[in-house]
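Comments concern the structure below.
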Amino acid sequence: MLYRCVSRAVAVGLIFLVGCGPGRLDETKTLSLGVNDAAQSIDLPAQSKLQTINVEFSSPESEVSVYLFKEEDARGEDGLTSANPTKALAKKTNSKGDSFSAEVPPNTATRLIVRAGGNKTDVKLRITNQK
């Protein structure tokens, strides 16, 4: 009888621990940017817990700028080109490759925006929230 009670307590504890952190994010994408398509985005869903989003990128052909915004600060098609860079949670500008991290508050959807300087380029991205 005692064994069953302890087993149930352990099972409930494990279920609780599994649900404690943000959902795992490990996304790899390649965005093709060109003269007529100078900005693209990836929308990331909100997580119930505080998370640190890590972004790695490379763009061998041309320099790009990569920004992580709260979704509310860079909405819709207009947000791709007109979102104010000073509102970005984190950013790297005019680079052919780099990485950065940003803490994102709980329940906050985010948007990763990549802007090219008008030249055609393929941008390889890896976005994670794991350390």
Side-chain angles (χ1 to χ4, degrees):
M1 182 74 164
L2 179 62
Y3 177 74
R4 284 186 184 166
C5 290
V6 171
S7 296
R8 287 182 185 157
V10 170
V12 169
L14 286 175
I15 289 170
F16 177 74
L17 287 175
V18 169
C20 284
R24 287 188 176 247
L25 174 65
D26 190 355
E27 194 164 333
T28 302
K29 286 202 172 191
T30 300
L31 300 179
S32 295
L33 302 174
V35 175
N36 296 327
D37 191 18
Q40 289 190 31
S41 68
I42 299 172
D43 294 325
L44 304 171
Q47 298 293 326
S48 62
K49 303 283 184 184
L50 176 74
Q51 65 176 330
T52 300
I53 293 182
N54 307 300
V55 178
E56 299 171 31
F57 68 95
S58 65
S59 172
E61 296 90 11
S62 180
E63 290 184 345
V64 296
S65 295
V66 182
Y67 305 89
L68 182 67
F69 288 98
K70 290 181 180 178
E71 190 272 337
E72 65 193 31
D73 292 334
R75 285 201 171 118
E77 287 295 314
D78 289 340
L80 287 175
T81 56
S82 65
N84 186 345
T86 62
K87 289 190 171 189
L89 297 171
K91 64 186 174 190
K92 289 290 179 175
T93 58
N94 303 319
S95 177
K96 288 189 173 187
D98 210 334
S99 63
F100 62 85
S101 298
E103 280 198 5
V104 178
N107 304 311
T108 303
T110 55
R111 188 171 211 201
L112 186 75
I113 295 179
V114 181
R115 295 177 182 161
N119 297 324
K120 184 177 176 2
T121 189
D122 290 328
V123 182
K124 294 180 184 175
L125 295 159
R126 181 163 187 233
I127 309 159
T128 65
N129 66 351
Q130 301 146 27
K131 295 197 175 200

Separation of [Y] [atom2] from [X] [atom1] (nearest 0.5 Å):
X    : Y   : atom1 : atom2 : answer
L125 : K29 : CG    : NZ    : 9.5 Å
T108 : L50 : OG1   : CG    : 9.0 Å
R111 : D43 : CZ    : CG    : 4.5 Å
L33  : S59 : CG    : OG    : 7.5 Å
N129 : K49 : CG    : NZ    : 14.0 Å

With sequence neighbours excluded, give me every side-chain hydrogen bond (donor to acceptor under 3.5 Å, both in side chains) pair touching residues 67-78.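 The answer is E71-R75.
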If you look only at distance, which donor and acceptor atoms sit under 3.5 Å apart when one is on a side chain in residues 93-103 and the other is two or more places apart or in another chain?
unit_1: S95; atom_1: OG; unit_2: G97; atom_2: N; d: 3.1
unit_1: S95; atom_1: OG; unit_2: G97; atom_2: O; d: 3.0
unit_1: S101; atom_1: OG; unit_2: N54; atom_2: OD1; d: 2.6

Heavy-atom pair of closest approach, residues [X] and [Y]:
X    : Y    : answer
R115 : P85  : NH1-CG, 4.1 Å
S48  : P106 : O-CB, 3.4 Å
V123 : F57  : CG1-CB, 4.3 Å

Do L89 and I113 land in one hydrophobic cluster if side-chain heavy atoms of ILVMFWY residues count as linked below 4.5 Å? no
Quick one: do L25 and F69 end up in the same hydrophobic cluster if we chain Ile, Leu, Val, Met, Phe, Trp and Tyr together by side-chain heavy atoms under 4.5 Å apart? no
Candidate pair Q47 and T110, rule side chain to side chain contact (heavy atoms under 4.5 Å, CB included), full reasoning: CA-CA 10 Å; Q47 298 293 326; T110 55; over 6 Å; no
May I ask you to test the L112-L68 pair for a side-chain heavy-atom distance under 4.5 Å?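 The answer is yes, as the side chains (C-beta and beyond) meet within the 4.5 Å cut-off.
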Can you list the steps and then say if T121 with N119 is a side-chain hydrogen bond (donor to acceptor under 3.5 Å, both in side chains)? CA-CA 6 Å; T121 189; N119 297 324; over 6 Å; no
For the backbone of S32 and the side chain of Q40, can you confirm whether one donor and one acceptor N or O come within less than 3.5 Å of each other? yes
Quick one: do V114 and S65 satisfy side chain to side chain contact (heavy atoms under 4.5 Å, CB included)? Show the steps, please. CA-CA 6 Å; V114 181; S65 295; over 6 Å; no
